[in-house]
There are 2 protein chains.
Amino acid sequence: MIQGKEDKISLLLVDDHPMVQGGLLACFSYYDDIEVLGVSNDGETALAKAIELKPDVILMDVSMPSMNGIDATEIITEQLPDTKVLIFSMHDSAEFVRSAIQAGASGYVLKDTSSEEVYYAIKAVAKGNTHFSSSIAKTLIENPAKLENDKLTTREQVILSLVAQGLSSKEIARELNISFRTVDAHRRNIKSKLNIDCLVDLVRYAINHGLIEE
Amino acid sequence: MIQGKEDKISLLLVDDHPMVQGGLLACFSYYDDIEVLGVSNDGETALAKAIELKPDVILMDVSMPSMNGIDATEIITEQLPDTKVLIFSMHDSAEFVRSAIQAGASGYVLKDTSSEEVYYAIKAVAKGNTHFSSSIAKTLIENPAKLENDKLTTREQVILSLVAQGLSSKEIARELNISFRTVDAHRRNIKSKLNIDCLVDLVRYAINHGLIEE
DNA sequence: AATCACCTAGGTATAAATACCTAGTTAGCT
DNA sequence: AGCTAACTAGGTATTTATACCTAGGTGATT
């Protein structure tokens, strides 16, 4: 199937850095089969613009004020099933990418990607395919997904978040109105699930997975 | 003093993201008093190009492969005293900015800065002035510099790094062939200097200050 | 020679984390 | 009704971290 000029791909750009916006705009001005409908600086306005403009593809940054790209992706793909989201991020951890896929993203390209590959990725997701940077694909293969049983429950995430904020088990117990024994049990389960055996690695896990503000 | 077109500001761009490069190039193509001499993708090549091209100003990203922007800035400002370095980063912590200033940077603008302000900042540092994003200036004021006595010694940085990698005091003692009492004493001194009173905050400090790989 | 910062090391005591147990309650699902 | 996951809570023992104390050795500086 050859795509003619008459069926351009409509695109919404979401990134909070003016220079990245500028680079993307400059890039896509070279391709006559891509039409940039708009640009957003954060997740909130991206959401509004997506619903208003109904673009074929959204190129979505992740780290942004107001609402991050993953959360925005989740809402957008739910409300606009025909709009494909391509994540454009500097984060390259396997679980980060998996949470993006979980949120409904059709692809994931890193910020150090060339303009040609970004263009190619947009074409791919517009056609209903997926596209991942080669290093991302490699990371996904090298870091197999966790078993369902090893995912943290909501309560465990709360506990881990508080732990990583520097609260002791007693303080957490007071905060949540439960026994410090319970907090202790949660900590044990969390470490067991994540295969982590010291507090320090727990903190690093929490930071790397966005459970707390750095 | 009015600057005519005949004394253009020569510029070297250093950033590892093609889209940022593109945005900067597109931006500066609008200003006829700025001439971009070249673009580098990392600190190492930036160093070589700086020496080769001797630009008036270098717009320098920080997070890059091969050599980070702060280290590159330190070497460049030492070897090329007439070349001004303007840091262009997404990191906005006071100590990060201070280490950039310490390395010889003439200014610091954040990645969410508009193209107009980046242009203005380049003009400022080219004239020998400094320029800092307003939020950076605010951060610097709100977070006064640490006293000389509160800076970590080399040994303390080593200890902190090992602590933040998850080693216990005993393990660190074994690693460094010293008594765990000594490690303990260092830990106490570190926490005292940094005004930190729990392990978790120590780990967060280490991560936020680049003492360990995330 | 004296001072000072730094690294070193030990004693003693308490608080916190961790390991290894058990077990009740509740909500949801089959 | 029975099963399961998740949250809850306790006992006991050990290890680790932390607080507060002292103090010797060394190298640089004055």
Side-chain angles (χ1 to χ4, degrees), chain A residues 95 99 102 145-209 211-212, chain B residues 95 98 102 145-209 211-212:
Chain A
E95 291 179 64
S99 66
Q102 188 70 33
K146 284 202 171 60
L147 300 173
E148 188 63 31
N149 290 339
D150 289 349
K151 286 184 181 164
L152 297 186
T153 66
T154 307
R155 195 59 157 173
E156 284 166 348
Q157 286 181 43
V158 171
I159 302 280
L160 178 51
S161 164
L162 293 171
V163 166
Q165 279 169 52
L167 278 71
S168 71
S169 291
K170 282 186 185 174
E171 289 169 330
I172 294 169
R174 214 174 305 138
E175 183 84 17
L176 300 179
N177 286 316
I178 55 178
S179 162
F180 88 94
R181 300 279 185 186
T182 305
V183 177
D184 233 46
H186 282 306
R187 291 176 77 133
R188 246 177 296 126
N189 292 335
I190 292 167
K191 293 203 285 188
S192 165
K193 281 186 180 180
L194 302 179
N195 205 21
I196 282 175
D197 65 347
C198 76
L199 175 57
V200 170
D201 290 342
L202 219 48
V203 176
R204 299 206 293 174
Y205 178 93
I207 291 174
N208 289 334
H209 292 76
L211 288 170
I212 56 166
Chain B
E95 292 180 64
R98 286 209 179 82
Q102 188 70 30
K146 285 203 170 59
L147 300 173
E148 188 64 32
N149 291 339
D150 289 349
K151 286 184 182 163
L152 297 186
T153 66
T154 307
R155 194 59 157 175
E156 284 165 348
Q157 287 181 41
V158 171
I159 302 279
L160 178 51
S161 164
L162 293 172
V163 166
Q165 281 168 50
L167 278 70
S168 71
S169 291
K170 282 187 185 175
E171 288 169 331
I172 294 169
R174 214 175 303 138
E175 183 84 19
L176 301 178
N177 286 316
I178 55 178
S179 162
F180 88 94
R181 299 280 186 186
T182 305
V183 177
D184 232 45
H186 282 305
R187 291 176 78 134
R188 244 177 298 126
N189 291 335
I190 292 167
K191 292 203 286 187
S192 165
K193 282 186 179 181
L194 302 179
N195 205 23
I196 282 175
D197 64 347
C198 76
L199 176 55
V200 169
D201 289 343
L202 218 48
V203 176
R204 299 206 294 175
Y205 178 94
I207 290 174
N208 289 334
H209 291 77
L211 287 170
I212 56 166

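Hydrogens, waters and symmetry mates play no part in the numbers below; they use all other heavy atoms, side chains included. Every value quoted in this text rests on a predicted model; they were computed, and no experiment measured them. Quick note on labels: first sequence line is chain A, next is B, and so on, each numbered from 1.
Here the side chains of B/Arg174 and B/Val183 are not in contact, with every heavy-atom distance at 4.5 Å or above. Two residues are said to be in side-chain contact when any heavy atoms from C-beta on lie closer than 4.5 Å; A/Leu194 and A/Leu152 meet this criterion. Side-chain contact between A/Val200 and B/Leu167: absent, with no pair of heavy atoms (C-beta onward) separated by less than 4.5 Å. Side-chain contact between A/Val163 and A/Ile190 is absent, with no heavy-atom pair separated by less than 4.5 Å.
Atom C1' of nucleotide C/dA15 and atom CD of A/Glu171 are separated by 12 Å, given to the nearest angstrom. Here the P atom of nucleotide D/dA17 and the CD1 atom of B/Ile159 are 12 Å apart, to the nearest Å. Atoms CG (B/Asp201) and C1' (D/dT18) sit 14 Å apart, rounded to a whole Å. Between the CG atom of A/Leu152 and the C1' atom of D/dA5 there is a distance of 14 Å, given to the nearest Å. One can place CD1 of B/Ile178 at 16 Å from C1' of D/dG24, the figure rounded to the nearest angstrom. Rounded to a whole Å, the CD1 atom of B/Ile172 is 14 Å from the P atom of C/dC7. Rounded to an integer number of Å, the gap from CG of B/Asn177 to C1' of C/dT8 is 13 Å. Rounded to an integer number of Å, the gap from CZ of A/Phe180 to P of D/dG10 is 8 Å.
The stretch residues 183-201 of chain A participates, sequence neighbours left out, in these salt bridge (Lys or Arg N to Asp or Glu O under 4.0 Å) pairs: A/Glu156-A/Lys193, A/Asp201-A/Arg204. The list of ring pair (Phe, Tyr, Trp, His ring centres under 6.0 Å) pairs with a residue in residues 171-207 of chain A, not counting sequence neighbours, reads A/Tyr205-A/His209.
Note that OG of A/Ser169 is 10.5 Å distant from CG of A/Leu162, once rounded to the nearest 0.5 Å.
Between D/dG10 and A/Ser179, a contact under 4.0 Å exists linking OP1 or OP2 to a side-chain N or O. A close approach under 4.0 Å does not occur between any side-chain nitrogen or oxygen of B/Thr153 and OP1 or OP2 of C/dC6. The side chain of A/Arg155 contributes no N or O atom lying less than 4.0 Å from OP1 or OP2 of D/dA5.
Checked against side-chain contact (heavy atoms from CB on, under 4.5 Å), B/Ser161 has the following partners two or more places apart in sequence or in another chain: B/Gln165, B/Ile212.
Counting all heavy atoms, side chain and backbone alike, A/Gly166 lies closest to B/Cys198 at O-SG, 3.8 Å. Across all non-hydrogen atoms, the minimal contact from B/Ala173 to B/Ser179 is CB-C, 3.8 Å.
Not a single donor-acceptor pair under 3.5 Å links the side chain of B/Gln157 to the backbone N or O of B/Thr154.
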Does the protein touch nucleotides 17-30 of chain C at the base, only the backbone, or not at all? Give it as B, S and - per nucleotide, heavy atoms under 4.0 Å.
SBSBB---------

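At its two ends the helix from C/dA1-D/dT30 to C/dT30-D/dA1 runs along axes set 40° apart, each axis drawn from five pairs and the angle rounded to 10°.
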Protein-nucleotides 26-30 of chain D N/O pairs under 3.5 Å:
none

